[in-house]
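Positions are given from 1, in the same order as the sequence printed here. These numbers come from the heavy atoms of this one structure, side chains and all, not from hydrogens, waters or symmetry mates.
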Amino acid sequence: MLYTLLGSINAALIVLSAYGVLLQLKSIYERRVNNTANPTAVLSVNQFTVSFVAYFSFYLYAIFIEPINHFLAWPRLLASVLAWLILVEIYRDRQTRYSKVSSLLSGFFYAVDYSRLHLM
């Protein structure tokens with residue numbers, strides 16, 4: 001009972017965090033539609049890279065423990081995908097080497113994760 005309650009609270013907080021990331025992604029798309037110059041100019045590649053790594057690492061932890069912890073896994077997968085999409089948008093906007101490496105490495109982590117899960 002306590003496990004379920006605390007897991008639900010944790011998942012709700014991560015979903016709330018993911019909602020904030022989704023709103024940021026939505027504002028990037030709106031700026032792009034409105035032809036705003038540099039729609040990601042105020043965003044930090046470092047911040048979203050660290051956010052991606054944090055969300056993704058907890059997702060990996062949750063899927064590799066036995067039994068899988070659904071409270072940790074799926075909200076963090078959602079949040080990491082949204083953070084990765086922002087990294088891709090930053091790369092599309094800036095075309096810098098650092099943003100390219102960050103977005104490609106994040107995508108590579110998904111590919112490795114998918115192939116590892118597929119082989120299990």
Value rounded to 0.5 Å, distance of NZ in Lys100 from CZ in Arg92: 15.0 Å

Residues that Arg94 engages under salt bridge (charged side-chain N to carboxylate O under 4.0 Å, His left out), provided they are two or more places apart: none

Contact check, side chains of Leu78 and Tyr59, non-hydrogen atoms, under 4.5 Å: no

Approximate separation, where rounding is to 0.5 Å, of Ile28 CD1 and Leu23 CG: 11.5 Å

Modelled atom types, side-chain donor and acceptor of Thr36 and Arg32, under 3.5 Å: no

Leu77 reachable from Ile65 in the ILVMFWY side-chain graph, under 4.5 Å edges: no

Cluster check Leu22, Leu13: I/L/V/M/F/W/Y, side chain < 4.5 angstrom: no

Separation of Ile86 CD1 from Ser106 OG (nearest 0.5 Å): 12.0 Å

4.5 Å side-chain heavy-atom contact, Leu60 and Ser57: no

Shortest non-hydrogen contact between Leu87 and Thr49, atoms and distance: CD2-OG1, 3.6 Å

Step-by-step side-chain contact (heavy atoms from CB on, under 4.5 Å) determination, Tyr91 to Ser102: CA-CA 9 Å; Tyr91 171 67; Ser102 183; over 6 Å; no

Common cluster, Leu104/Val53, ILVMFWY with side-chain heavy-atom separation under 4.5 Å: no

Atom OH of Tyr98 with >12 non-hydrogen neighbours under 6.0 angstrom: yes

Donor-acceptor pair, side chain of Asp93 and main chain of Thr40, under 3.5 angstrom: yes

Residue Phe71 excluded, over 12 heavy atoms near CZ under 6.0 Å: yes

Cluster check Leu16, Leu82: I/L/V/M/F/W/Y, side chain < 4.5 angstrom: no

Interatomic spacing from CD1 in Ile90 to CG in Leu43 - rounded to 0.5 Å: 5.0 Å

Within-4.5 Å side-chain heavy-atom neighbours: Asn10 and Arg76: yes

Considering all heavy atoms, the nearest Ile68-Ala62 contact: CG1-O, 3.3 Å

hydrophobic_cluster_shared for Val21 and Val15, side chain cutoff 4.5 Å: no

Where at least one partner belongs to residues 12-55, residue pairs that pass ring pair (Phe, Tyr, Trp, His ring centres under 6.0 Å), sequence neighbours excluded: Phe52-Phe56, Phe52-Tyr110

Inter-residue atom distance Phe58.CZ - Asn69.CG, 0.5 Å rounding: 11.0 Å

Reported CG-to-CD distance for the pair Leu25 and Glu30, which is rounded to 0.5 angstrom: 10.5 Å

Sub-4.5 Å side-chain heavy-atom contact between Thr4 and Ser8: yes

